[in-house]
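Numbers restart at 1 for each chain; the letters A, B, ... are given by sequence-line order, proteins then strands.
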Amino acid sequence: MPDAIDGVYTRIYRCIKCIPEGKVATYGQIAKLIDASGARQVGYALSATPAELDIPWHRVINAKGEISQRSDGLADSEQYARLLAEGVVANKTGRISLLQYRWQPSPEDFLVDEEIDDEFWRDQPGVG
DNA sequence: CTTTTGACGCGTA
DNA sequence: CTACGCGCCAAAA
């Protein structure tokens, strides 16, 4: 249990909080949005997600449109159940269509190479 | 200080 | 479609 939530993980958590209901994002997408070191770091952050933070972790899937399996094996059904409740449905192949459900955070106003300023976060719901 | 541990992405064959 | 390799790094022990 981490008693302090600081550093890169905080940015990851903030970014995931911005994912709207009914949309999903990939690990690599989150990583690029916040200029993290890579998609892995996003996964590592999610593995250490504190329960007290209300983070929609279920909206983060891998680049294949599938739900990544956790070490304890708990959340694969849990995650998909949460997505179903938001209207995110997998196709025949058991994968989620990224073309249909991928979250696109105003690509015109958002520059990946620059730091995320407060303006970006101010426009997003659920971010304090 | 060092070592271990991971919810990944992408190119290539 | 599968398999493999490499890149990448924070946090906890």
Asks: Okay, side chain of Y13(A), backbone of A45(A): is any donor-acceptor separation there less than 3.5 Å?
Replies: yes

Asks: Would you kindly give the CD1-to-P distance between I19(A) and dA7(B), to the nearest whole Å?
Replies: 19 Å

Asks: In whole angstrom, what separates L46(A)'s CG from dA11(C)'s P?
Replies: 14 Å

Asks: Starting from C1' on dC9(C), measure out to CD1 on I30(A) and report it in whole angstrom.
Replies: 18 Å

Asks: dA10(C), dG6(B), dA7(B): which one has an atom nearest the side-chain heavy atoms of Y44(A)?
Replies: dG6(B)

Asks: Can you pull every protein N or O that's under 3.5 Å from an N or O on nucleotides 9-13 of chain B?
Replies:
| from | atom 1 | to | atom 2 | distance (Å) |
| --- | --- | --- | --- | --- |
| dG9(B) | OP1 | A63(A) | N | 2.8 |
| dG9(B) | OP2 | A63(A) | N | 2.9 |

Asks: Given 3.5 Å as the limit, does a donor-acceptor pair link the side chain of E66(A) with the main chain of R95(A), or not?
Replies: no

Asks: Please determine if E78(A) and R82(A) form a salt bridge, counting it only when a charged side-chain N lies under 4.0 Å from a carboxylate O.
Replies: yes

Asks: Specify the closest pair of heavy atoms between Y80(A) and A90(A), including all atoms of both residues, with the distance to one decimal.
Replies: OH-N, 3.0 Å

Asks: Write down the distance between CH2 (W57(A)) and C1' (dC8(B)), rounded to a whole number of angstrom.
Replies: 17 Å

Asks: Looking at every strand, decide which applies to G43(A) at a 4.0 Å heavy-atom threshold: base, sugar-phosphate, or nothing.
Replies: base

Asks: Tell me: CD of Q69(A) to C1' of dC8(B), nearest whole Å?
Replies: 14 Å

Asks: Atom OH of Y13(A) to atom P of dA10(C): distance rounded to whole Å?
Replies: 14 Å

Asks: Taking it one step at a time, do T26(A) and R102(A) satisfy side-chain contact (heavy atoms from CB on, under 4.5 Å)?
Replies: CA-CA 8 Å; T26(A) 66; R102(A) 181 193 287 268; 3.9 Å; yes

Asks: May I have the distance from K92(A) (atom NZ) to dC1(C) (atom P), rounded to whole angstrom?
Replies: 14 Å

Asks: Using 0.5 Å steps for rounding, measure from the CD1 atom of I19(A) to the NE2 atom of H58(A).
Replies: 8.5 Å

Asks: How close or far is atom P of dA7(B) from atom CD of Q79(A), stated in whole angstroms?
Replies: 13 Å

Asks: Using a 4.0 Å heavy-atom cut-off, does R59(A) contact any base of the nucleic acid, only the sugar-phosphate backbone, or nothing at all?
Replies: nothing

Asks: Of the candidate nucleotides dA7(B), dA10(C), dG6(B), which contains the atom at the shortest distance from the side chain of S37(A)?
Replies: dA10(C)

Asks: Per the side-chain contact (heavy atoms from CB on, under 4.5 Å) rule, which among L33(A), V60(A), L98(A), V24(A) passes with W103(A)?
Replies: L33(A)

